[in-house]
Amino acid sequence: MSKSIGSIRIQEADFSVDNEYQNLRAAHASQNGAICTFVGLVRDFGDKKGVTGMYLEHYPGMTEHSLQQIIDQAASRWQLHNVSIIHRVGQLNLSEQIVFVGVSSAHRADAFASCEFIMDYLKADAPFWKKECNDQGSEWVEAKQSDQDRAQKWSKD
Amino acid sequence: MSKSIGSIRIQEADFSVDNEYQNLRAAHASQNGAICTFVGLVRDFGDKKGVTGMYLEHYPGMTEHSLQQIIDQAASRWQLHNVSIIHRVGQLNLSEQIVFVGVSSAHRADAFASCEFIMDYLKADAPFWKKECNDQGSEWVEAKQSDQDRAQKWSKD
Amino acid sequence: MKILFFASLRERLNTEEEQWQDLNGAQTAGDILTQLQTRGEPWSSSLNTERLLVSVNQEIASLTTEVTLNDELAFFPPVTGG
Amino acid sequence: MKILFFASLRERLNTEEEQWQDLNGAQTAGDILTQLQTRGEPWSSSLNTERLLVSVNQEIASLTTEVTLNDELAFFPPVTGG
């Protein structure tokens with residue numbers, strides 16, 4: 001088994017997409033042909049209207065372990081140079097950044113596929129739980145079957 | 001037919017991924033759940049080693065027209081808030097940024113699919129031509145059948 | 001054995017962690033769950049869901065996974081991050 | 001009619017643009033191509049490729065696309081941007 005790649009951070013603090021992008025770009029600089037990034041944001045309409053923010057809980061230790069397994073799977077399936085994952089926890093307001101996934105590769109097909117693969121498995125497997133805060137109070141978000149289905153579909157390819 | 005969305009820029013100057021990301025994030029701020037970005041970079045090994053840079057030529061007018069058609073197709077197929085495309089032309093050195101595609105949406109599936117769709121059609125249809133500069137001189141890059149195939153595959157879905 | 005509870009389950013049980021010195025004969029994660037369920041409310045109804053997940057030593061496990069006194073177990077609802 | 005050439009084709013023909021005042025009977029993009037090809041070298045070999053693309057008024061066209069004196073034609077190799 002080759003050495004694991006990837007940077008994983010679970011933090012309350014906000015993050016800079018630019019910092020992450022510049023780090024991905026600087027490593028393997030002359031060999032990077034493609035960098036794909038994804039950011040998930042707190043948005044106004046999920047299961048209900050009037051969202052004012054959310055609270056994110058996680059399982060320290062297992063989270064990092066789970067994300068590293070997802071990166072390892074991606075790296076064994078596609079040719080990747082680097083991967084960066086940041087997931088915030090704690091209280092987040094509307095339109096704040098929740099999650100960052102960035103991937104650098106020689107080729108765009110590998111960058112796109114692996115970035116989406118990592119997000120799909122993060123949503124299906126990584127131990128995070130969202131509590132949505134709205135005008136009426138707060139409520140735990142129900143897991144969506146569609147998120148399990150999206151992760152499942154990668155094993156059919 | 002609904003009003004076209006999207007920002008298209010063809011320029012010699014470098015671009016700031018951070019500016020583009022922040023603009024995508026600011027528009028429709030409370031409704032954005034997902035922002036996917038892609039950057040293509042000049043890399044060291046394409047068809048041959050020793051690449052020192054490249055020269056990019058385009059067909060002014062037709063390029064913008066072609067990219068707008070690609071954005072319109074993406075916007076009719078997925079729920080998108082905004083799209084930004086920047087493509088550089090002229091002389092570019094090794095590891096410089098060539099192209100940026102960024103998409104904002106409520107949902108990650110739409111953001112990922114449309115961003116990749118736009119890149120695939122850009123590579124297959126938009127009138128840009130690359131000349132690779134290496135130790136021995138410079139040579140026009142041959143079009144790849146795989147790029148045509150990747151664009152084709154979207155019509156099968 | 002350390003047993004952790006997360007998210008909605010943690011709130012309903014009003015417990016985030018327990019330490020057990022004795023497994024009372026439990027051999028699997030399912031045996032532990034059964035012992036928790038027999039405590040009555042809110043344990044019996046909160047832990048009696050088809051959508052309950054269990055991990056053993058920070059890896060997703062099943063109710064048939066064998067456990068020992070040194071293990072870390074966790075029970076939680078389906079994940080919703082990202 | 002304005003006729004443009006790009007990239008490797010522009011270099012091989014050493015021409016990036018022509019202005020025609022008369023179509024000499026040409027009715028399609030293919031007729032224009034034929035007239036260009038009959039000029040001899042480097043035109044005949046450079047324009048005699050299966051992988052030549054043509055646009056009419058900045059839209060990808062085919063050799064059967066009809067053209068008029070007000071049109072802008074362009075010939076170029078397969079694109080390689082991005």
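Quantities reported herein were computed from a predicted structural model and do not represent experimental measurements. Proteins get letters first, then strands, A, B, ... in listed order; numbering begins at 1 in each.
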Undergrad: Is Gln22(A) atom CD crowded by more than 12 heavy atoms from other residues, nucleotides or ligands, each under 6.0 Å away?
TA: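 More than 12 heavy atoms, drawn from other residues, nucleotides or ligands, come within 6.0 Å of this atom.
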Undergrad: Quick one: which residues of residues 4-14 of chain C reach chain A at under 4.5 angstrom, heavy atoms only?
TA: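 Against chain A, the residues of residues 4-14 of chain C that fall inside the cut-off (heavy atoms, under 4.5 Å) are Leu4(C), Phe6(C), Ala7(C), Ser8(C), Arg10(C), Glu11(C).
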Undergrad: For chain A, find its close neighbours in residues 60-82 of chain C: heavy-atom separation under 4.5 Å, sorted by number, or none.
TA: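 Listed by number: Ile60(C), Glu72(C), Ala74(C), Phe76(C), Pro77(C), Pro78(C), Val79(C), Thr80(C), Gly81(C), Gly82(C).
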Undergrad: Counting C-beta onward and ignoring hydrogens, is there a side-chain heavy-atom pair between Arg51(C) and Glu142(A) closer than 4.5 Å?
TA: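 Contact flag for Arg51(C)/Glu142(A) side chains = yes.
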Undergrad: Heavy-atom cut-off 4.5 Å, strictly under: side chain, backbone, both or neither for Gln69(A) against chain C?
TA: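 Answer is side chain: those atoms of Gln69(A) sit under 4.5 Å from chain C.
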Undergrad: Near Gln27(C) CD, under 6.0 Å, is it more than 12 heavy atoms from other residues, nucleotides or ligands?
TA: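 Atom CD in Gln27(C) is not crowded, with 12 or fewer foreign heavy atoms closer than 6.0 Å.
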Undergrad: May I ask you to check whether over 12 heavy atoms, not counting those of Glu16(C), lie within 6.0 Å of atom CD?
TA: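 It does not: Glu16(C) CD has 12 such atoms or fewer within range.
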Undergrad: Please find the pair of heavy atoms, one from Gln58(C) and one from Met62(A), that lie closest to each other, and give the distance.
TA: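 Here Gln58(C) and Met62(A) meet closest at OE1-N, 3.0 Å.
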Undergrad: Given that the side chain runs from C-beta out, which part of Trp140(A) has a heavy atom under 4.5 Å from chain C: side chain, backbone, both or neither?
TA: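 Contact with chain C is through the side chain of Trp140(A) alone.
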